[in-house]
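Sequence lines set the chain letters: A, B, ... in the order given, protein chains first and strands last, and positions in each chain run from 1.
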2 protein chains.
Amino acid sequence: MISFEDFILEDDSPIYMQIIRYVKRGIVSGAIQSGEEMISRRALSVLLGVNPNTIQKAYHLLEEEGIIRSRSGAKSCVEVDEAKKEEIRHSLLQLDTLSWLRAMKQMGVEREEALKLAEEMWQEA
Amino acid sequence: MISFEDFILEDDSPIYMQIIRYVKRGIVSGAIQSGEEMISRRALSVLLGVNPNTIQKAYHLLEEEGIIRSRSGAKSCVEVDEAKKEEIRHSLLQLDTLSWLRAMKQMGVEREEALKLAEEMWQEA
DNA sequence: TTAACTGTATTATATAACTAATACACTTTT
DNA sequence: AAAAGTGTATTAGTTATATAATACAGTTAA
């Protein structure tokens, strides 16, 4: 079951967005596999100290995106085929990297300097 | 005068935050220098198609952070010494890079793969 | 000096994000 | 079968974000 063990709340974006991001990244890494059960909405709300409705919003959106499947009464399950996984992987890698590169460019950081900085900070991240 | 020429609205974070980020990054790159006049709140609101109060919120926070100075009736001015500039540069580089590296790690991307991806995408960013 | 522009402040409204409390029907477990 | 857990829904309230319409006093420029 997906336990959200290493999930940490940040405060830059809405909580339900952070939950969606966490699940998507887990799917990309392989830590979350198709067929796995999600932790229940109530349990996750207690675990994160967040309102159940906020979790419901995240799960509902995940279902609308075709990433999880829910049937009333039972736990929700992750359900993604290889094509979906590759689609998620591609879009996340692209968007995250682009926004970092644009930040560096806007700050006038040279390519080599940016790469060197990333290389040096890798282990502490 | 700081004209916000290349400023583009994205929709992931609040507009007033994006404005603050834009000014800070400009200071780091040197595109925005201490002593320069800011575009007026009203003019910027027209330029971005955004409510004047939203601009006022951004400018007010920039003043609270000790980045601009305002006197009633005259245009606001950027006012940052070298120490402040270095502080901004350090925190922005650190935070932006850390969040990208964490994203890569959460997706199970190896260090070499991440660096290679960034290198390849540099020009299109 | 006047007119235009500027920063600042106020009041009102709308939507999004989050919390709170509760209810109902379905599934799983005991 | 009964209890516990589950997805789903509803209603209400708070805070943050953004818009809208004014107003006033200080500064700048004609």
B/Glu110: side chain to side chain donor-acceptor pair (under 3.5 Å) partners, not counting sequence neighbours: none

Atom-to-atom span, CD1 of A/Ile55 to P of D/dT8 - whole angstrom: 14 Å

Which donor-acceptor pairs under 3.5 Å do the side chains of residues 98-107 of chain A make with protein atoms, sequence neighbours left out?
residue	atom	partner	partner atom	Å
A/Ser99	OG	A/Asp96	O	3.2
A/Trp100	NE1	B/Thr97	OG1	3.2
A/Lys105	NZ	B/Trp122	O	2.8
A/Lys105	NZ	B/Ala125	O	3.0
A/Gln106	OE1	B/Arg25	NH1	3.0

Spacing between B/Glu37 atom CD and D/dT27 atom P, to the nearest angstrom: 14 Å

Along DNA chain C (nearest heavy atom to each residue), the more 5'-positioned of B/Ala43 and A/Ile15: B/Ala43

Terminal helix-axis angle for the helix from C/dT1-D/dA30 to C/dT30-D/dA1, with five pairs defining each axis and rounding to 10 degrees: 30°

Note: A/Glu82-A/Lys85 ion pair, threshold 4.0 Å (strictly below): yes

Candidates D/dA18, C/dT8, C/dC18 - which lies nearest the side chain of A/Tyr16: C/dC18

For A/Glu64, all residues meeting side chain to side chain contact (heavy atoms under 4.5 Å, CB included), sequence neighbours excluded: A/His60, A/Leu61

Pairs satisfying side-chain hydrogen bond (donor to acceptor under 3.5 Å, both in side chains), at least one member in residues 29-39 of chain B, at least two apart: none

Any B/Thr54 side-chain nitrogen or oxygen under 4.0 Å from OP1 or OP2 of D/dT19: yes

Atom-to-atom span, CZ of A/Arg69 to C1' of D/dT6 - whole angstrom: 16 Å

With B/Asn53 via side chain to side chain contact (heavy atoms under 4.5 Å, CB included) - residues at least two apart: B/Asn51

Set of residues satisfying side chain to side chain donor-acceptor pair (under 3.5 Å) with respect to B/Lys57, sequence neighbours excluded: none

Spacing of B/Gln56 atom CD relative to C/dA9 atom P, expressed in whole Å: 7 Å

Presence of B/Lys57 side-chain N/O under 4.0 Å of D/dA18 phosphate oxygens OP1/OP2: no

Atom-pair distance (CG on A/Leu44; P on C/dT19), nearest Å: 12 Å

Contact check, side chains of A/Arg21 and A/Ser13, non-hydrogen atoms, under 4.5 Å: yes

Presence of A/Ser76 side-chain N/O under 4.0 Å of D/dG7 phosphate oxygens OP1/OP2: yes

Contact state string [nucleotides 21-30 of chain C, B base, S sugar-phosphate only, - no protein heavy atom under 4.0 Å]: B-B--BSS--

Other cluster members, A/Leu115 - Ile/Leu/Val/Met/Phe/Trp/Tyr, side-chain contacts below 4.5 Å: B/Leu115

Under 3.5 Å side-chain donor-acceptor pair for A/Arg71 and A/Ser76: no

Value in whole Å for how far the P atom of C/dA16 lies from CE of A/Met17: 12 Å

Side chain to side chain donor-acceptor pair (under 3.5 Å) against B/Lys75, all qualifying residues, sequence neighbours excluded: none

Length of the CD1-P vector between B/Ile19 and D/dT17, whole Å: 13 Å

Near-strand residues of residues 59-67 of chain A, defined as heavy-atom separation under 4.0 angstrom from DNA chain C: none

Residues forming a side chain to side chain donor-acceptor pair (under 3.5 Å) with B/Tyr22, sequence neighbours excluded: B/Asp6

Whole-Å distance separating the CG atom of B/Leu9 from the C1' atom of D/dA18: 12 Å

From C/dA17, D/dT19, D/dT17, nucleotide with atom closest to B/Pro14 side chain: D/dT17

